[in-house]
Amino acid sequence: MSGEGVGTVVSLWRYPVKSMMGEDLNACEVTERGFCGDRAYGLVDQETGKLASAKHPRKWGRLFDFRADFVEPPRLGVPTPPVRITFPGGGSVTTGGPGVSRLLSEALGRPVTLMSSAPAESSFEEVWPEVKGGRLYGTVLPEREEGDRVTDVPAAFRAPAGTFFDFCAIHLVTTNTLDRLRELAPAHRFEARRFRPNLVVEVPDHRGFIENDWSRRVVTVGEVRLKVIIPTARCVMTTLGQGDLPRDPGVLRAMAEHNRIRAGGLGELPCAGVYAFVMTPGTVRRGDPVRVE
C-alpha cells in the first residue's frame, strides 16, 4: 500500500475533558498537540495528585457518565473557549465558572481539581486485568480492583508536556479492525466510541487488522501528515458502559484472544488501532482521503 490512496475518514472525535464523553466533528484543526481542543482539560485527584482516568473504573468509571463539549468551536491563536460539562442527571457547568471543581467533586464523590494543564511528571492509575497479560509497565500498587492489579503509570509517554494524553496526541482506528472483531466475537458490540479514537478510517477492499502494519509509517490525512508509533494497547476502558453500550469485559477478552501483538517495548498486548504524532499540521475533515507511505 506504499504511497497509495488507502481509505477515507469516516468520523472525527474530540474529547475536551480527559475520560469524559466527547464530540463528533465534521472538521478539526490539528497541531503537534493533536486535535485543537482535544483533552484541553483534565481532573486531578486532590488526595493523590494523580490524573483522574477511567482506566481505574472503581475510582473514575463514572466519568463516562459526563459529557464535555465546547460552547463554541476552539480555534488556533485565540483563547480556548469554555467547555460545557453535562452531568449524568442533566445539569451542567462551564469551565471557568464559579465552583466548578467543587461541583465536580460532589458529583464524583472524590475531591478533584479541574485543570487546563497537566502537572509535571503526572501519572494515572490503571487496572491491569489478567486477560491483558502478565508484563506490566509502571509501578504495581498494593490495591486491587475485582482481583485485578492496579498500576501507577507515567502519563504522556510521547505527548507534549502539559497535555492530558496517556501516550500520544493522535489515536486512529479503522472500521476494518472493528468489523473483524465483530466477525470473530459476534456476541459483543465493537463500536468506535468504545475505543475513543480521534480518527476512524475506512479502507475498502481490505479485511482484518490492517493498521497493525502501519507502525513507523507515515499516514497522510487530507493535508495532515502523521507518523505512526505503535499499535494501541487496549485497556479496561474499552469494557465500560457508556450511553447505550453496556459494560462488557468480553470486549477486551476478544482482543486478547484475536489481536494480541507486540506494542513497542511493552510486550504482546491486546491491540486495536494505532498511536501517532503530528508531523505536518493542518485541518482534517470527514471524507478526507487517507494514504499510507
Side-chain angles (χ1 to χ4, degrees), residues 8-44 51-54 60 62-108 112-119 156 159-166 168-172 191-193 195-201 221-224 226 242-243 276-278 280-288:
T8 304
V9 175
V10 294
S11 61
L12 304 168
W13 295 84
R14 172 173 61 208
Y15 310 90
V17 179
K18 177 181 176 66
S19 282
M20 292 185 183
M21 296 294 99
E23 304 172 309
D24 187 6
L25 306 172
N26 288 318
C28 191
E29 294 176 289
V30 183
T31 73
E32 70 280 355
R33 296 175 72 87
F35 276 30
C36 183
D38 194 27
R39 276 79 170 192
Y41 293 89
L43 299 178
V44 175
L51 303 180
S53 170
W60 305 114
R62 289 191 60 220
L63 285 172
F64 270 16
D65 296 330
F66 294 73
R67 183 167 299 279
D69 58 281
F70 284 98
V71 298
E72 59 184 65
R75 295 181 293 114
L76 300 180
V78 299
T80 302
V83 171
R84 180 188 303 105
I85 298 173
T86 303
F87 288 71
S92 67
V93 296
T94 56
T95 56
V100 60
S101 293
R102 175 181 58 80
L103 292 170
L104 287 167
S105 298
E106 292 173 355
L108 290 164
V112 295
T113 301
L114 181 71
M115 302 185 70
S116 59
S117 181
T163 60
F164 289 98
F165 300 105
D166 292 342
C168 251
I170 298 292
H171 172 219
L172 178 155
E191 298 186 20
R193 54 192 165 130
F195 299 86
R196 298 176 65 81
N198 298 116
L199 291 156
V200 182
V201 173
V221 183
E223 60 191 44
V224 173
L226 308 172
Q242 51 172 287
F277 68 81
V278 179
T280 305
T283 299
V284 293
R285 300 173 178 83
R286 192 192 304 262
D288 271 348

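Any value given below was found using the heavy atoms of this structure, including those in side chains, with hydrogens, waters and symmetry copies removed.
When the options Val9, Leu12, Val10 are evaluated for a side chain to side chain contact (heavy atoms under 4.5 Å, CB included) with Asp288, the one that passes is Val9.
Within the 3.5 Å criterion, the main-chain N or O of Pro197 finds a donor-acceptor partner in the side chain of Tyr15. Here the side chain of Gln242 pairs no donor or acceptor atom with the backbone of Asp65 at under 3.5 angstrom. The backbone N or O of Gly22 lies less than 3.5 Å from a partner atom in the side chain of Arg67, making a donor-acceptor pair.
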Problem - Step-by-step side chain to side chain contact (heavy atoms under 4.5 Å, CB included) determination, Trp60 to Val112 - result: CA-CA 11 Å; Trp60 305 114; Val112 295; 3.5 Å; yes

Problem - side chain to side chain contact (heavy atoms under 4.5 Å, CB included) assessment of Val83 paired with Thr94 - result: CA-CA 5 Å; Val83 171; Thr94 56; over 6 Å; no

Exercise for the section: Apply side chain to side chain contact (heavy atoms under 4.5 Å, CB included) to Val201 and Thr8, showing your working. Expected result: CA-CA 5 Å; Val201 173; Thr8 304; over 6 Å; no

Practice task
For Trp13 and Glu23, run side chain to side chain contact (heavy atoms under 4.5 Å, CB included): C-alpha distance rounded to whole Å, both residues' side-chain angles, the deciding distance at 0.1 Å, then the answer.
Solution key: CA-CA 6 Å; Trp13 295 84; Glu23 304 172 309; over 6 Å; no

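Between Val17 and Ile85 the shortest side-chain heavy-atom distance falls below 4.5 Å. Side chains of Arg33 and Arg39 form no contact here, defined as non-hydrogen atoms less than 4.5 Å apart. Using a 4.5 Å heavy-atom cutoff, the side chains of Phe35 and Leu199 are in contact. Using a 4.5 Å cut-off on side-chain heavy atoms (C-beta onward), Pro82 and Val71 make contact. Side-chain contact between Asp38 and Asn198: present, with at least one pair of heavy atoms (C-beta onward) separated by less than 4.5 Å.
For residues 78-107, the set of pairs meeting the salt bridge (charged side-chain N to carboxylate O under 4.0 Å, His left out) definition, not counting sequence neighbours, comprises Asp69-Arg84, Arg102-Glu106.
For the atom pair SG of Cys168 and CZ of Phe277, the computed distance is 7.5 Å after rounding to the nearest 0.5 Å. Rounded to the nearest 0.5 Å, atoms CZ (Phe70) and OG1 (Thr95) are 7.5 Å apart. The structure places NE2 of His171 at 12.5 Å from CZ of Phe165, a figure rounded to the nearest 0.5 Å. The distance from the CG atom of Leu51 to the CG atom of Leu43 is 9.5 Å, given to the nearest 0.5 Å. Expressed to the nearest 0.5 Å, how far CD of Glu29 lies from CG of Leu76 amounts to 4.0 Å. Note that CZ of Phe64 is 6.0 Å distant from OG of Ser19, once rounded to the nearest 0.5 Å.
With respect to Asp24 and Arg286, a salt bridge is recorded, a charged nitrogen being found less than 4.0 Å from a carboxylate O. Here Lys18 pairs with Asp166 in a salt bridge; the nearest charged N to carboxylate O distance falls below 4.0 Å.
Annotation: ring pair (Phe, Tyr, Trp, His ring centres under 6.0 Å) contacts of Phe66 (sequence neighbours excluded): Phe87. For Ser117, there are no side-chain contact (heavy atoms from CB on, under 4.5 Å) partners, not counting sequence neighbours.
Contact record, Cys28 with Cys36: SG-N, 3.6 Å, taken as the closest heavy-atom pair.
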